[in-house]
Amino acid sequence: MERDYQGTYTGIYIVTWCSVYMSYSLRVVVVGLVQGVGFRPFIHRIAVKSGVKGYVRNIGGSEVEIWIEGSKENIEKFFQYFVDEIPPTAIIEEIHIFEERLRGFNTFRIEKSLNSMFKRSAIPPDIAICRDCLREVLDPNNRRYRYAFNSCAWCGPRYSMMYRVPYDRENTSMAKYKLCNLCYSEYTDINNVRRYHAQGISCPIDGPRLYLYTSNRELVSCDDPLSEVAKLINEGYIVAIKGIGGYHIACLATDDDVVQKLRKRKKRPTKPFAIMALNIDIIEKLVYVEPPIARQILESPQRPIVLLPKREDSPVSPYVSPGMDVEGVFLPYTALHYLILAETKDKFAIMTSGNIHGEPMCRDEECVFSKLSSVVDYVLIHDREIVHRVDDSVLRFTDGEPVIIRRSRGYAPLWIRTSKHLSKPAIAFGAHLQTAGAIAFEDKIVLTPFIGDLDSVEALNDLVYELEFLIKSYNIDVSSSRIVVDKHPEYMSRTIAFEYVEKYGSELIEIQHHYAHILSVLADHSHSIDLDDGDIVGIAIDGVGYGDDGAIWGGEIIAVGIDSYKRIAHLRYVPITSDRDTVYPTRLIPLYLAQIMPLSEVMEFVKELKLYESLPRRLDEIEFLLELITRKRFVYTSSMGRFLDAVSALLGVCRYRSYEGEPAILLEASARGGRELKELYIPRPIIDIDNLPAIDTPKILFRVIELLREGYDVKDLAYTVQLRIGEAIANIVLDYAKGRRNIQNIVVVSGGAAVNTYIVRSLKRVLSREGIEILLPRRVPPNDGGIAVGQVYALMLMDSR
Ligand SMILES: [Zn+2]
Ligand SMILES: [Zn+2]
C-alpha cells in the first residue's frame with residue numbers, strides 16, 4: 001500500500017496519517033532536500049527517542065529511505081518528533097509510505113547508502129555557515145577556533161564539492177581528508193546533533209589547509225594566512241581568495257586608487273563590484289536595508305548578493321559602482337571570509353568574481369596563476385578541490401519585489417516543481433549570454449548554476465559539464481529525451497545541442513526566445529496559474545532574441561494559450577547596423593529618428609545635439625550610418641533594450657557600453673528621485689504595422705529630444721520616459737483584453753528589462769486599475785538565465801494536451 005502526498009512542506013499532514021496506521025512496519029521514502037542537511041542523523045535520533053527500530057539510508061536519486069518498526073504508539077511518537085524537530089535546511093516535498101512485512105529489527109541504525117534510485121530527489125546546494133559553527137570559530141576555547149572550514153550537518157559547501165550523488169563524504173572532495181579521532185567521535189556520537197553523521201565535517205587537525213602565495217606562485221611563509229591576507233588588503237594589495245565555488249578577488253572598497261588599480265588590471269572600466277561586509281550593522285552603513293525582507297534575504301542560508309540603495313554618506317569609493325544608485329552587498333558565508341573581514345580595517349571589502357573579462361570565474365590554481373597573475377598581488381589557496389563552479393547569486397528589488405537575477409550558490413541545483421508533467425525527460429540548452437541550462441523530468445526542472453556568456457570555450461565546457469552531471473545524477477537517458485534549443489542560429493548553446501542530437505539521436509525542439517521568457521514565469525507560478533482557465537498575456541522585454549519573422553525581437557507582447565502563442569504587439573521596428581550600435585548607443589538615436597523624418601533632418605538634429613561627440617569617428621561615423629540605411633544594410637529590431645540604450649545616450653547618462661545592459665541600468669539609476677513630467681506625453685504612441693499594433697518608440701524618443709531642448713531636467717525625463725513606455729505597453733494589453741472572454745486577469749512580465757522598476761511600476765499602475773495582476777518570476781531569473789525553464793515548460797504544456 002502506498003500513500004502519497006505532494007506539496008512543498010508536509011509537516012502538518014503527517015500527524016493525521018499516523019493515527020491511521022495500525023501496522024507495525026513501515027517503509028518511508030522522503031523526497032525533497034533531504035541529503036546534506038543532517039537528515040539521517042535526525043531520523044536516527046528521533047527513532048531512538050521514540051523507540052522504533054529499523055534503519056535510515058540515502059538512496060541514489062538523492063532521496064532518503066526510512067524503515068521503522070514498532071508499536072502504533074512508538075510510530076506515532078516518531079512522526080510527532082519528525083514534525084517538531086525537522087532540520088532547519090531540509091525541504092520535504094513528498095513522502096511515500098509503504099506498509100511492509102515485519103522484519104524484526106532490534107536496533108535502529110544508519111545504513112550504507114544505496115546507489116540505486118527509487119525516486120529522484122533534490123541535490124543539496126551550498127549552505128552558508130550557521131550561527132553555531134561561526135560561534136565555535138570565534139571562541140578561543142573551542143578546538144575549531146579560527147578554523148576557516150568549519151561546517152556541520154546544517155551548513156557548509158555541498159554541491160560545489162560533489163563528484164556524484166548520493167551526498168556521502170566519499171562522493172565529495174572531502175574524501176581525501178580522513179577524520180581525526182576527535183572528529184570521528186563526534187561523527188559517531190548520536191547525541192551530537194550537529195556532527196553525528198555529518199558528511200563534510202573537519203577540524204584544524206584533519207581538514208583542508210590554507211596557503212598564501214604571491215601572484216608568481218612563491219609561497220609566503222606566515223603563521224596565519226588569514227591575518228596576513230587581511231593585513232595585505234589593509235595595505236592596498238589585491239588578493240585572490242579561494243572560496244566555496246571559485247575564486248574571488250578582494251581589496252579595499254574605500255580607497256579610490258586601489259579600486260581604480262583593480263579596474264585597470266581587470267580591464268573592467270565601470271561594471272560594479274560586489275562588497276562583502278562582516279555583518280548587517282556594517283552593511284547598514286553602506287546601504288539602506290529595505291524593504292525589511294532584504295535583511296532576511298541577506299541573512300538567509302543562500303547569502304546572495306543583494307542590490308540595495310546606496311546611502312548618501314556611504315564610505316564606499318564611487319569607483320566601486322559608478323553611476324549606480326544601488327550597491328551589491330552580501331554577508332560572509334564561510335568562516336574563511338568572516339575571519340578575513342574581521343581583521344580588515346573597514347570590516348568590508350570588494351569581493352568580486354576571480355575571472356578575466358568574458359570568462360568564467362577560476363576554480364583551480366592552474367587558472368588563477370595563469371590568468372589572474374597580472375590582476376592580483378597575492379593568492380590565498382586551500383587544498384580542497386572545487387568540483388563545481390558556483391558563482392554568488394544576485395538579487396535585486398523591482399518596485400519593492402525581490403527578483404533573482406543570477407541564480408547560483410545556495411539555489412542551484414534545487415529544482416523547480418511545476419503543476420505539469422513531462423511524458424519523457426528534456427535537456428534544455430538555454431540562450432547565449434548570461435545563460436544557464438536545465439534538465440527536466442516528471443514535474444521538475446533543474447537549472448544548472450549560472451554559466452555566463454557562451455563566448456568562451458571555458459563557459460561552453462562548463463555548460464556541458466553541469467548538464468552532464470545532472471544527466472548522470474538523475475539517470476536521464478539522453479537518447480529518449482528531448483533536446484530544447486533557442487531559435488537563434490548563432491547561439492553556441494544551439495551548436496552544442498546539435499552535437500547531442502547527432503550523438504544520441506534525440507528529438508530536437510526549438511522554442512522562440514520570448515515565448516520561453518513568458519513560459520518561465522508561468523512555470524514558476526504554475527501552481528497558481530493554469531492555462532486551462534484561459535489565455536495569459538505576457539510581456540517579454542529584453543535586448544536581443546531571434547524572432548519568428550527573422551527580425552531581432554525584444555519588446556514583445558504575446559498571448560499564450562494552452563497549445564499556442566500569438567504575438568499581439570511589439571515595439572516599432574528600428575534598423576540596427578552592427579554590434580557597434582550597442583557599444584556606442586548614441587548611434588541608435590539617428591537610427592530611431594530615421595524612421596520618422598528624412599535623413600537630412602536627422603543629420604540636423606545630430607549636429608544640433610552634438611550627438612557625434614562621443615563617437616570615435618565623430619560626424620563621419622554618422623554619415624556612414626545613414627548611408628547604411630539608404631543602402632538597406634541593416635536588420636530590424638523591436639528591442640526594449642535598444643530603446644532604453646538610445647534614451648540613455650540621448651540624456652548623456654551613458655554613451656559607451658562596457659558591459660551588457662549598462663546604458664539601460666544606468667538610465668534606471670539616473671531616474672531615482674525624478675518626478676513625472678506631464679509634458680512628456682504622446683496621446684497614442686501606437687501605429688499599425690502589418691496589422692499588429694506597434695509602440696512608436698521613435699516618436700517617444702523625439703518627444704524627449706524636444707523637451708531636452710527646452711531645458712527639462714535629465715532626471716525627470718529619465719524617470720518619465722520609463723513610465724511612459726510601461727504605460728504604452730499596458731494600454732496595448734488593455735486594448736487586446738477588451739471584449740475577449742477567454743483571457744485571465746493576470747499579466748506576466750519577463751526578460752532582462754523586466755527588472756526595471758519604473759516600467760513595472762507603470763504597468764502595475766495602469767493594469768491594476770482594471771483589476772489585472774502583474775506577476776514577475778520569483779525563483780527563476782527573468783533574464784536569459786531563466787530561458788531554459790521556459791524551454792522545458794513549453795514541452796510540459798505540449799505533454800499535458
Ligand atoms: Zn554549522
Ligand atoms: Zn578532526
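Each ligand, and each atom within it, is numbered from 1 in the order the structure gives.
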Please calculate the SG(C152)-the Zn ion (ligand 1)-SG(C155) angle and round it to 10 degrees. 120°
How wide is the angle at the Zn ion (ligand 1) between SG of C130 and SG of C133, to the nearest 10°? 110°
Beyond-backbone contact of Y177 with F149, side-chain heavy atoms, under 4.5 angstrom: no
Check against ring pair (Phe, Tyr, Trp, His ring centres under 6.0 Å), H197 and Y187: CA-CA 5 Å; H197 257 269; Y187 184 80; 4.8 Å; yes
Any salt bridge between K444 and E93, counting N to O under 4.0 Å? no
Please report, to 10°, the angle around the Zn ion (ligand 2) from atom SG (C183) across to atom OD2 (D206). 100°
Looking at the rings of F39 and Y167, which for Trp means the six-membered one, are their centres under 6.0 Å apart? no
